[in-house]
Amino acid sequence: MKVITRFAPSPTGYLHIGGVRTALFNWLFAKNNNGLFKLRIEDTDVKRSTQEAKEAIIKGLKWLQLDWDEDEVYQSKRIKRHKEIGNELLKLGHAYKCYCSPEELTEMREQARKEKRAPRYNGKWRDKDDSEAPNNVKPVIRIKCPQAGSTEINDIVQGNISIKNNELDDFIILRSDGTPTYMLSVVVDDYDMGVTHVIRGDDHFTNTFRQQHIYNALNWPLPKYAHIPLIHGMDGGKLSKRHGALGVDSYDDMGYLQETMLNYLLRLGWSHGDKEIISREEAIKLFNLDSIGKSSAKFDIERLTSLNAYYIENKNNEDLVTAVKNYYTNKKNINIDNEDLTLILNGMNGLKSRARTINELAEMCSFYIEKAPITLDKKSKKVLNDDNISALKLYYKQLLKLEEWNKIKIEEDIKMYCQENNINLGKLAQPLRAAITGKAVSPGLYELMEVLGKSETLARIININN
RNA sequence: GUCCCCUUCGUCUAUCGGUUAGGACACCAGGUUUUCAUCCUGGAAAGAGGAGUUCGAUUCUCCUAGGGGAUACCA
């Protein structure tokens, strides 16, 4: 049987890290099994669902290239079908009408709590006849769950877990206004979409016991379940805004690479021996549900950042130049011309080992984009005191005579000059860097002088703007 | 409150009864580098606590503690 997985977010906020990881695991499992990965937007809560949230979900999945098969399913468009099934359940005698008022239900819960029992509906209308119904109350439809015995779930991640049926109550499947509840909708949709494996956050774990009774009543085959642990913040609590509860797109914004995010999220809760660096293709080959851990993991942005540095350093230079270009056009509204793009490309080897995010990389390129006289930052200004400036202007005269302009010749020239004039190399190199880049730290000096070219380099020295 | 799950270095994790408990990130020290970063070498760093089972427990069982989740006419 063909494996079919699904990602079923509700569009009530941004697509956060935990959601994306769930999507990733579904996607990988489907790919690993040559199956289908489907997307279903659970937008039945009209009050909380927003268009922006829908777009954020789609944007996030696209960013990570977690492409889904077929058109996405909007749950709101399937309400008619859910009602149909709900009413069928009623007809079959697996469900019944309940006329309890909200006040009554609250009372039931309070009563149960007082008696140290699980707060649950007491089944008041389970066996009553419709003739006893109050005439101006619209009923909800509740499903009949077994009252004795226990229900067991065989979960791929969590193992075999069972709970006593008296912990479950007859939950609502159709509201008094006739609309279906989540519990019904998921089951119907998963069934209709042919979902074979439900991989979701383990906050849904206890729902599974309930949903199972809907499957049973309908005589539908149960999908396989894999409930994956939730991701927590560094403080061990819920993922808060400080700790990664941002939308995934904000990581894109911060300059994290899509491949970094994929690799990081994959390794959070899943492992393959000591393997840390895993490409998309490898992940598809290696992924399995059995290697998912049962304990929750903490989101560590430091780790994400260092992984990002790795992926930046190993990305090809042309792609990085494109990323830098996009950064400037999208975030700074600056269009970099081809000539400067060439400088950046030529200087990329020296840049990329120093950047941990695309944003850092882009900012680092600034001195390739500027033209003499360039702006100097605080530290470079400090380096460029009068003594150092006059030393530079002296050296300028020798540099002017250098004919072959490449990093080896430049290095030879500088070293020779220092030796002849009995100057400490650092005494000359550091001011040179400051004058040429406007910064106190930069890629290798000789390399960037070569990339910049002779005339621009000389222009920057002679035009020091301090 | 009730039910369910979890617990190995700071973090992500390996270990499927016998290991000097391994790796990665972060951290510290040294080396390379004109700077910074990369890179290389080394270091510190863990089985929540307590009972059992066993010749032997990180690994199996139970209890305790801590954490998380679920307990809606939300999804």
Side-chain angles (χ1 to χ4, degrees), chain A residues 8-12 42-45 47-49 75 98 100 102 105-106 109 112-120 138-142 153 155 157-159 161-164 166-169 171-177 179-183 185-186 201-207 209 227 229-230 232 234 236-238 264 267-277 293-307 309-310 313 349-356 364 379 383 411 414-415 418 424-430 432-434 437 439-446:
Chain A
S10 49
T12 53
E42 306 211 322
D43 56 349
T44 48
D45 186 342
K47 269 173 253 151
R48 295 198 305 149
S49 297
Q75 196 163 55
C98 162
C100 286
L105 295 173
T106 320
R109 276 190 280 270
R113 190 174 286 253
K114 239 181 255 171
E115 291 167 23
K116 297 196 173 185
R117 296 193 334 261
R120 49 180 285 265
K138 289 217 167 196
V140 298
I141 309 299
R142 290 181 182 270
I153 296 175
D155 190 278
V157 175
Q158 308 286 335
I161 315 285
S162 71
I163 63 162
K164 294 199 183 69
N166 62 20
E167 291 295 328
L168 263 29
D169 61 0
F171 58 93
I172 297 171
I173 53 174
L174 250 30
R175 301 185 185 95
S176 52
D177 65 0
T179 58
T181 61
Y182 163 77
M183 224 54 89
S185 300
V186 233
D202 74 9
D203 50 336
H204 284 291
F205 192 78
T206 46
N207 289 336
F209 292 103
H227 285 91
L230 266 20
H232 292 142
M234 278 304 275
K238 270 190 179 169
Y264 177 74
R267 279 287 289 102
L268 217 50
W270 181 88
S271 61
H272 186 76
D274 284 341
K275 202 164 170 56
E276 299 288 345
I277 303 295
K294 288 170 88 170
S295 55
S296 57
K298 299 185 179 80
F299 180 78
D300 183 5
I301 193 144
E302 293 281 350
R303 180 88 178 95
L304 182 72
T305 304
S306 83
L307 242 199
Y310 172 87
E313 185 153 15
N349 285 337
L351 294 164
K352 66 180 182 182
S353 66
R354 291 171 169 78
R356 302 192 306 166
M364 239 177 251
K379 283 181 181 166
V383 172
E411 180 172 1
I414 293 179
K415 286 190 169 159
C418 286
N424 193 320
L425 183 57
K427 264 309 244 185
L428 184 63
Q430 200 51 17
L432 247 185
R433 177 193 320 285
T437 66
K439 299 174 198 293
V441 300
S442 78
L445 183 59
Y446 317 122

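We name chains A, B, ... by the order of the sequence lines, and we start the count at 1 in each one.
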Trainee: Could you run through nucleotides 32-44 of chain B and give me one letter per nucleotide, 5' to 3': B if any protein heavy atom sits under 4.0 Å from the base, S if only the sugar-phosphate is that close, - if neither?
Mentor: --BBBBS------

Trainee: Between A:T181 (side chain) and A:I172 (backbone), is there a donor-acceptor pair under 3.5 Å?
Mentor: yes

Trainee: Rounded to the nearest Å, what distance is computed from the CG atom of residue A:L307 to the P atom of nucleotide B:U13?
Mentor: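 Rounded to the whole Å, the gap is 13 Å.
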
Trainee: Is it the case that over 12 heavy atoms from other parts of the model lie below 6.0 angstrom from the CZ atom of A:R267?
Mentor: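 It does: A:R267 CZ has more than 12 such atoms within range.
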
Trainee: Taking the side chain from A:Q158 and the backbone from A:H227, do they hold a donor-acceptor pair closer than 3.5 Å?
Mentor: yes

Trainee: Pull out every protein N or O sitting under 3.5 Å from an N or O of nucleotides 19-23 of chain B, one pair per line with the distance.
Mentor:
residue	atom	partner	partner atom	Å
B:G22	N2	A:D274	OD1	2.9
B:G23	N2	A:E276	OE2	2.7

Trainee: Is it true that A:R303 and A:E276 make a salt bridge, defined as a side-chain N closer than 4.0 Å to a carboxylate O?
Mentor: yes

Trainee: For the C1' atoms, the ones on B:G22 and on B:C36, what distance do you get once it is rounded to whole angstrom?
Mentor: 33 Å

Trainee: Considering only the C1' atoms, how many Å lie between B:C63 and B:C28, rounded to the nearest integer?
Mentor: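 Between the two C1' atoms, the distance is 41 Å.
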
Trainee: Within a radius of less than 6.0 Å around NZ of A:K379, do more than 12 heavy atoms belonging to other residues, nucleotides or ligands occur?
Mentor: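 Count not over threshold, so no.
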
Trainee: Go nucleotide by nucleotide along RNA chain B from the 5' end; which of A:A297 and A:T181 gets its closest nucleotide reached first?
Mentor: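 The 5'-side residue here is A:A297.
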
Trainee: To the side chain of A:D203, which of B:C73, B:U11, B:G69 is closest?
Mentor: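 In terms of side-chain proximity for A:D203, the closest of B:C73, B:U11, B:G69 is B:G69.
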
Trainee: Only counting residues at least two apart or in another chain, list the ones meeting side chain to side chain donor-acceptor pair (under 3.5 Å) with A:S442.
Mentor: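 For A:S442, the residues satisfying side chain to side chain donor-acceptor pair (under 3.5 Å) (neighbours in sequence not counted) are A:R433.
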
Trainee: Determine the interatomic distance between P on B:U19 and the same-named atom on B:U35; round to the nearest Å.
Mentor: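 My reading of the P atoms in B:U19 and B:U35 gives 47 Å.
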
Trainee: With sequence neighbours left out, what residues match A:D177 under side chain to side chain contact (heavy atoms under 4.5 Å, CB included)?
Mentor: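 Testing A:D177 for side chain to side chain contact (heavy atoms under 4.5 Å, CB included), a comparison that skips the adjacent residues, returns A:R175, A:T179.
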
Trainee: Please report the distance, rounded to the nearest Å, between NE2 in A:H204 and P in B:A70.
Mentor: 9 Å

Trainee: Pick the P atom in B:U61 and in B:U7, then give their distance to the nearest Å.
Mentor: 12 Å

Trainee: Which heavy-atom pair separates A:Y264 from A:D300 by the least distance, and what is that distance?
Mentor: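 Scanning both residues, the minimum pair turns out to be OH-N, 2.7 Å.
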
Trainee: Expressed as a whole number of Å, how far does the C1' atom of B:C25 sit from that of B:U20?
Mentor: 24 Å

Trainee: When every nucleotide of nucleotides 1-9 of chain B is labelled 5' to 3' by its protein contacts under 4.0 Å (heavy atoms), B for base, S for sugar-phosphate only, - for none, what sequence of letters results?
Mentor: BSSSSSS--

Trainee: Go through the structure and list residues passing side chain to side chain donor-acceptor pair (under 3.5 Å) with A:D202, not counting sequence neighbours.
Mentor: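 Not a single residue meets the side chain to side chain donor-acceptor pair (under 3.5 Å) criterion with A:D202.
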
Trainee: What heavy-atom pair brings A:V157 and A:G293 nearest, and what distance separates the two atoms?
Mentor: CG1-O, 3.8 Å

Trainee: Nearest to the side chain of A:S306, which nucleotide is it out of B:C73, B:A26, B:A75?
Mentor: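 Of the candidates, B:A26 comes closest.
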
Trainee: Using the C1' atoms only, state how far B:G10 lies from B:A45, rounded to an integer number of Å.
Mentor: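 So the two C1' atoms sit 9 Å from each other.
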
Trainee: Nearest 0.5 Å please: distance from the OH atom of A:Y182 over to the CD atom of A:E42.
Mentor: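 Between atom OH of A:Y182 and atom CD of A:E42 there are 5.5 Å.
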
